[in-house]
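Contents: one structure, followed by commentary.
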Amino acid sequence: MECRKELSGVKRREQIIDNLREHGEVTVKILSNQFGVSEMTIRRDLHLLEEQGYATIHYGGAALLDRQNIGCQSFSLRKGKESENKRRIAKKAASFIREGDVLFMDTSTTVLEILTYMPAFRVKIITNSMPVMESVYRDENIDLYIAPGLYRSVGGPLDYATAEYLSRFHYNKAFFGSTSYEPDFGTSAAEEIEAAVKKCVIENSDENYLLIDHSKMGKRNFVKWGDTDNYTAILSDEELDIDWRTKIARNGGKLILC
């Protein structure tokens with residue numbers, strides 16, 4: 001296939017789905033050559049398709065997850081609303097990144113989306129997210145630091161070795177997601193160790209950003225790890241109810257709607 005350098009990300013991913021429908025699986029290297037883009041860009045595409053339930057990622061590529069589902073719907077027409085919101089939130093978050101920054105990126109899928117929009121700056125990324133690592137490890141502009149520890153289903157290492165490692169660094173900016181946020185209570189996690197890991201980073205970061213769409217609002221979990229006023233900005237979407245907007249402001253938070 002002739003290389004189409006101006007192909008949009010959406011159109012490229014639609015064609016990747018076509019390849020999956022025809023062959024059952026694809027490889028990063030072949031897709032990179034086919035579309036004339038970097039392997040990192042293809043990995044980002046595959047992560048987006050996996051998040052949407054179209055494919056399952058394996059080393060070096062991806063396999064079709066559900067042939068019947070893929071065959072009857074277009075990616076561009078069936079993207080979930082929350083996923084659209086997440087992408088807008090991630091794009092805004094990426095705009096805060098500057099050349100030379102030291103960044104923390106957690107295991108959130110919304111945080112992972114930042115990489116799709118991040119300019120080609122020379123930065124350091126410190127993370128406990130395996131998807132982040134897989135997306136950037138070949139990028140020559142990025143110095144990548146991977147936290148150690150026991151791998152957990154949240155998407156990467158998560159134990160006290162992880163917390164100790166992450167507490168060593170000074171971060172210019174840290175990006176967090178959360179499954180639970182309530183403006184009066186703050187952000188919270190299901191496990192004590194997850195909360196401990198995030199608190200280690202918050203305490204060492206100049207700027208902290210919380211990326212959370214409206215569907216996560218109003219939830220409290222087992223262990224608190226951050227207050228509303230800990231964040232330089234809370235990024236959410238336009239569907240956020242006015243009552244939540246008021247509560248965030250009342251608790252000292254700066255809200256950015258995306």
Side-chain angles (χ1 to χ4, degrees), residues 47 51 80-94 96-97 103-115 125-132 147 149 152-159 162-163 166-167 171 173-241 243-258:
H47 277 297
E51 182 182 340
K81 185 63 177 178
E82 269 69 41
S83 294
E84 284 296 315
N85 289 334
K86 286 181 178 181
R87 279 191 272 278
R88 285 194 291 269
I89 292 168
K91 185 175 183 179
K92 182 62 178 179
F96 298 124
I97 297 172
L103 308 172
F104 172 75
M105 294 186 168
D106 80 355
T107 56
S108 159
T109 56
T110 309
V111 171
L112 177 65
E113 294 275 3
I114 293 174
L115 298 173
I125 292 179
I126 303 163
T127 187
N128 63 324
S129 167
M130 295 302 290
V132 169
R152 304 289 295 277
S153 61
V154 295
L158 187 64
D159 65 19
T162 313
L166 294 174
S167 68
Y171 308 91
K173 299 177 179 76
F175 298 97
F176 302 94
S178 180
T179 57
S180 304
Y181 171 64
E182 202 281 326
D184 294 328
F185 184 70
T187 43
S188 52
E191 294 186 66
E192 185 177 3
I193 183 57
E194 182 182 356
V197 165
K198 295 191 178 190
K199 287 181 73 173
C200 285
V201 177
I202 283 180
E203 293 170 358
N204 287 359
S205 179
D206 295 334
E207 300 176 17
N208 295 298
Y209 295 92
L210 179 63
L211 283 57
I212 183 166
D213 67 78
H214 73 280
S215 68
K216 309 298 194 306
M217 199 68 61
K219 300 178 181 180
R220 298 188 185 190
N221 219 320
F222 181 54
V223 187
K224 177 177 176 175
W225 56 269
D227 288 309
T228 293
D229 61 3
N230 286 152
Y231 303 104
T232 306
I234 297 171
L235 281 63
S236 192
D237 57 85
E238 294 283 356
E239 294 184 55
L240 187 63
D241 189 85
D243 289 340
W244 293 124
R245 303 183 193 191
T246 301
K247 288 182 178 181
I248 290 171
R250 187 178 66 205
N251 284 276
K254 177 184 177 182
L255 177 65
I256 298 176
L257 297 176
C258 307

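Computed from heavy atoms alone, side chains included, the values below leave out hydrogens, waters and symmetry copies.
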Do V111 and T127 have side-chain heavy atoms sitting under 4.5 Å apart? no

For a salt bridge (Lys or Arg N to Asp or Glu O under 4.0 Å) check, start with the C-alpha distance between K198 and E194, then their side-chain angles and the critical distance, and finish with the verdict. CA-CA 6 Å; K198 295 191 178 190; E194 182 182 356; 3.7 Å; yes

Can a donor-acceptor pair be found, under 3.5 Å and without considering hydrogens, that links the side chain of D159 to the backbone of T162? yes

L235/F96 under side chain to side chain contact (heavy atoms under 4.5 Å, CB included): CA gap, chis, key distance, verdict: CA-CA 12 Å; L235 281 63; F96 298 124; 4.2 Å; yes

Between D106 and G177 (side chain of the first, backbone of the second, donor and acceptor by atom type, cut-off under 3.5 Å), is there such a pair? yes

Which atom of E207 lies closest to which atom of T232, heavy atoms considered: CA-OG1, 3.1 Å

Nearest-0.5 Å distance, CG of residue N85 to SG of residue C258: 9.0 Å

Give a yes or no answer on whether the side chain of T228 reaches the backbone of G253 with a donor-acceptor pair at less than 3.5 Å. no

What's the shortest heavy-atom distance between S167 and N204, and which atoms? O-ND2, 2.7 Å

Do you know which two heavy atoms are closest between P157 and G149, and how far apart they sit? CB-O, 3.6 Å

With rounding to the nearest 0.5 Å, note down the distance linking CZ in R245 to NE2 in H214. 11.0 Å

Of the non-hydrogen atoms in L103 and Y171, which two are nearest, and what is the gap between them? C-CD2, 4.2 Å

If you apply the rule side chain to side chain contact (heavy atoms under 4.5 Å, CB included), what do you find for Y181 with M217, and how did you get there? CA-CA 5 Å; Y181 171 64; M217 199 68 61; 3.2 Å; yes

Over 12 foreign heavy atoms within 6.0 Å of NZ, K219: yes

Non-hydrogen atoms of L240 and I248 that approach each other most closely: CD2-CD1, 4.2 Å

Does the side chain to side chain donor-acceptor pair (under 3.5 Å) test come out yes or no for D227 and N251, once each step is laid out? CA-CA 9 Å; D227 288 309; N251 284 276; over 6 Å; no

Nearest heavy atoms of V223 and E191, plus distance in Å: CG2-C, 3.9 Å

With a 3.5 Å distance limit and no angle check, can you tell me whether T187 reaches the backbone of W225 through a side-chain donor-acceptor pair? no

For D206, what residues pass the salt bridge (Lys or Arg N to Asp or Glu O under 4.0 Å) criterion, not counting sequence neighbours? none

Quick check against the 3.5 Å criterion: does D237 have a side-chain atom that pairs as donor or acceptor with the backbone of E239? yes

Those residues at least two apart in sequence (or on a different chain) that pass side-chain contact (heavy atoms from CB on, under 4.5 Å) with D241 are D243, W244

All side-chain contact (heavy atoms from CB on, under 4.5 Å) counterparts of S188, not counting sequence neighbours: S180, F185, N221

Measure the acute angle between the ring planes of F176 and F104, then classify it against the limits of 30° and 60° as parallel, tilted or perpendicular. tilted

Does S129 use its side chain to pair, donor to acceptor, with the backbone of V132 at less than 3.5 Å? yes

Gap between atom CD1 of I256 and atom NZ of K92 - 0.5 Å precision: 5.5 Å

Check the pair D184, R250 against side chain to side chain contact (heavy atoms under 4.5 Å, CB included), reporting the backbone distance first and the verdict last. CA-CA 9 Å; D184 294 328; R250 187 178 66 205; 3.3 Å; yes

Would you indicate whether the side-chain heavy atoms of L211 and E113 approach each other to under 4.5 Å? no

Give, for atom CG of D229 and atom CG of N208, the distance between the pair rounded to the nearest 0.5 Å. 11.0 Å

Do T107 side-chain atoms and G156 backbone N/O form a donor-acceptor pair below 3.5 Å? no

Inter-residue atom distance T110.OG1 - F175.CZ, 0.5 Å rounding: 12.5 Å

Around K173, counting heavy atoms of other residues, nucleotides and ligands shown, do more than 12 lie under 6.0 Å from its NZ? yes

Can you confirm whether more than 12 heavy atoms, excluding those of K224, are under 6.0 Å from its NZ atom? yes

From NZ (K86) to CG (D213), nearest 0.5 Å: 6.0 Å

